[in-house]
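Read the structure below first, then the notes.
Values in this document were obtained by computation on a predicted structure and should not be read as measured data. In the text below, chain A, chain B and the rest are named by the order of the sequence lines, each starting its count at 1.
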2 protein chains.
Amino acid sequence: MKITIKDIANEAGVSIATVSKILNKKDDNISEKTRQKVLAIIKEKNYIPNTIARSLVTKQTKTIGLVIPDITNPFFPELVRGAEDCASACGYNIFFCNTDDKIEKEEKYINMLVEKMVDGIIFTQSANNNEGFNHLSQIKKPMVLIDRDVDIPNIKGKVLVDNFNGACEGVKYLIKSGYKKIAFISGPFSTKTSLDRLEGYKKALEENNLLFDKELVLEGEYKEEWGNKAIGILIRNKILFDAIFCANDIIALSAMKSLKEAGMRIPQDVAVLGYDDIYMAKLTDPALTTIRQPNYEMGYEAVKLLVEILENEKVENTLIRLNTELVIRQST
Amino acid sequence: MKITIKDIANEAGVSIATVSKILNKKDDNISEKTRQKVLAIIKEKNYIPNTIARSLVTKQTKTIGLVIPDITNPFFPELVRGAEDCASACGYNIFFCNTDDKIEKEEKYINMLVEKMVDGIIFTQSANNNEGFNHLSQIKKPMVLIDRDVDIPNIKGKVLVDNFNGACEGVKYLIKSGYKKIAFISGPFSTKTSLDRLEGYKKALEENNLLFDKELVLEGEYKEEWGNKAIGILIRNKILFDAIFCANDIIALSAMKSLKEAGMRIPQDVAVLGYDDIYMAKLTDPALTTIRQPNYEMGYEAVKLLVEILENEKVENTLIRLNTELVIRQST
DNA sequence: ATGAAAGCGCTAACAA
DNA sequence: TTGTTAGCGCTTTCAT
């Protein structure tokens, strides 16, 4: 049988109110003697307070929902880890949800989260849908957006990455290393992320007086297969290039594979620059030069921000923009 | 202001009991007319029941704790994804925890989970500690163990992988392909997992009348660096080998890197066999032959089993052993 | 310094 | 067929 605050009170010969006060450190005017006695009994009986009951009255669950597309995508584990670490440090627990970029799933999970009375939600918007936010707009829970920038009405904060400068810096490095015909194997232009990187790419060319050639820009998906396909297109269309800048590391890896299969040497014949710096980037052959996204920090900062919003109203509508870092390895 | 069951009852001109019954589909003897009316109002008011309040009385939260070492380790995302998918399908939510193989963290999280009143816990035991289960033994929540086999008193079920046969099959394949001096770059022998694989390795040798040479077995950690180190040891000690069987894919990748740096060609000079089949295995160069662990299924089956235990007492003490699958690629 | 009591939103036995 | 009521375990106000 589960032991409750009442059992403790009985055992100690005090009221449950007293026990509750001690439990919540609102024990300014509780005699040290009873405090010690109660504490001792709590320990002895191995009493664990029932958070559910507490939540019912305090209206907060110390729980936050984390909604991402897919933990299986190497981009997310670090982010999730960062979020979890911060949550744990702040005394929060995390409900974890994968939406697969599907609106129905988003909707279902958001509902579940609201039912479970989470205090707030961390949300990574699906890549696809820039329309149907109706379901999201209705939610009154504080939300902070992460990684992908979209305009949803009731957002309380955003944690984004400076994709423009990240891409720009990376491409500049490529140029400085002597590469001139740099292909950009991009993600979908329906995302701000891809658009920003494209701008960064253009800026780098411009600053170095290189002409922007739209043949060198290929729009695709943030998926492994796209790297392979893109190289196919480039080669088939006999487009000349001496370097490729990939929208993420998975694409870069699969592109590297295709490049090798086509008999090109990396980085002698063509340089490869990735984006993200996933775990595997350092283990590839050659090790991948890439623009590191601070994924762990992103997750961490997002819940930090959310907790701040939750615990002291003021900080609403904050935008945190994190910087990338160029990690130079052997593929360039 | 949050809208409650009372508001619905008022609006509909019925009692809260009636609304509750309809909500819980215990509406056998509620007239279709009131049912419709109430349902309509629920919809109109966009009423979302408060699960917290419900849990307080029903004593179940429809919530499961998932405790793993580290989501950042490529082994876990698929497992977590499987767990989450099944949970979601069964109407459960998942609290997600990373312990970093640290006992204190395990303890802290388990406590948090109990406080949050999870219905059950899915647990991957830390690699290191075969001692201090005191904290775990005290927990009365149903627990199912996953991946790593240890004997903890109050476990209600286990989902494991058949490491013996997995390793055996893999090594046999290596032998059949003509490799004779197969090094085993193992994980720590403090884990049953590693021990089982070692036995499988031995069995395969034996069945093919090859002598077991303990110089070819190196015990280390399930960490990337170990692959690199192990190759170093092998080479430094001038131990001859024409194939390596690695305890997991990360080790295999880092070993492949070292091998190449030492000027050996894969698979001509030395074959590399991994274990796990992580996402990246197919993207390496050459693509890695590996023994696929059914990680997704493992996670999925674990929560399925837990839910069964939770919802109909009978199935206690079940052991589910999943099979591996040899995935042949270009590294052998 | 301590306790009585109301109430959080809901379910479930029992009454009507 | 529907409603009344007693909790679930806790916090918090207000007395004492």
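Across D:dT2, C:dA13, D:dT11, the shortest atom-to-atom separation from the side chain of B:Ile30 is found for D:dT2. Counting only heavy atoms from C-beta on, B:Arg54 has its side chain closest to C:dT11 among C:dG3, D:dT11, C:dT11. Of the listed nucleotides (C:dA5, D:dG3, C:dC10), C:dC10 has the atom at the smallest distance from the side chain of B:Asn50.
Applying the 4.0 Å criterion to OP1 and OP2 of C:dC8, one finds that A:Lys59 has every side-chain N and O outside that range. Applying the 4.0 Å criterion to OP1 and OP2 of C:dC8, one finds that A:Thr58 has every side-chain N and O outside that range. In this model, the phosphate group of D:dG9 is not approached by any side-chain N or O of A:Tyr47 to a distance below 4.0 Å at OP1 or OP2. Side-chain nitrogen and oxygen atoms of B:Ser55 include none within less than 4.0 Å of the OP1 or OP2 phosphate oxygen of D:dC8. OP1 or OP2 of D:dT2 has not a single side-chain nitrogen or oxygen of B:Asn29 nearer than 4.0 Å. For the OP1/OP2 pair of C:dA1 and a distance below 4.0 Å, the side-chain nitrogens and oxygens of A:Ser31 include no atom meeting the criterion.
Atoms NZ (A:Lys37) and P (C:dA1) sit 15 Å apart, rounded to a whole Å. Per the geometry, NZ belonging to B:Lys6 stands 9 Å off P belonging to C:dG7, to the nearest Å. If you take CG of A:Asn24 and P of D:dT13, they are 12 Å apart, rounded to a whole angstrom. The separation between B:Asn10 atom CG and D:dG3 atom C1' is 13 Å, rounded to whole Å. Atom CD1 of B:Ile5 and atom P of D:dT4 are 14 Å apart (whole Å). In this structure, A:Ile3 atom CD1 and D:dC8 atom P are separated by 15 Å, rounded to whole Å. Rounded to whole angstrom, the span from the CD atom of B:Glu32 across to the P atom of D:dT2 amounts to 11 Å. If you take CD of B:Gln60 and C1' of C:dA12, they are 14 Å apart, rounded to a whole angstrom.
Taking 4.0 Å as the cut-off between side-chain N and carboxylate O, B:Glu78 and B:Arg81 do not count as a salt-bridged pair. With salt bridges taken as basic N to acidic carboxylate O contacts below 4.0 Å, none links A:Asp7 and A:Lys45. By the 4.0 Å N-to-carboxylate-O rule, A:Lys62 lies close enough to A:Glu311 to be salt-bridged with it. Salt-bridge formation is detected for the pair A:Lys105/A:Asp100: a Lys NZ or Arg NE/NH1/NH2 atom is positioned less than 4.0 Å from an Asp or Glu carboxylate oxygen.
Comparing A:Ser15 and B:Ala53 by the nucleotide of DNA chain C whose heavy atom lies nearest to each, the residue mapping closer to the 5' end is A:Ser15. Comparing B:Thr18 and A:Ala17, the nucleotide of DNA chain D nearest to each residue sits closer to the 5' end for B:Thr18.
The terminal axes of the helix from C:dA1-D:dT16 to C:dA16-D:dT1, fitted over 5 pairs per end, subtend an angle of 40° to the nearest 10°.
B:Ser15 and B:Ala9 get closest at one heavy-atom pair: C-CB, 3.7 Å. Scanning all heavy atoms of the two residues, the minimum distance from A:Val80 to A:Ile71 falls at CG2-CD1, 3.7 Å.
For a distance-only test at 3.5 Å, the side chain of B:Lys21 qualifies as a donor-acceptor partner of the base of D:dG3.
The residue A:Thr34 sits close only to the backbone: its heavy atoms come under 4.0 Å of sugar-phosphate atoms, none of a base. The residue A:Ile52 sits apart from the nucleic acid: no heavy atom pair falls under 4.0 Å.
For the atom pair B:Asn93 CG and B:Leu66 CG, the distance stands at 12.5 Å (nearest 0.5 Å).
Between B:Asp85 and B:Tyr296, the side chains place a donor N or O and an acceptor N or O closer than 3.5 Å (distance only, hydrogens not considered).
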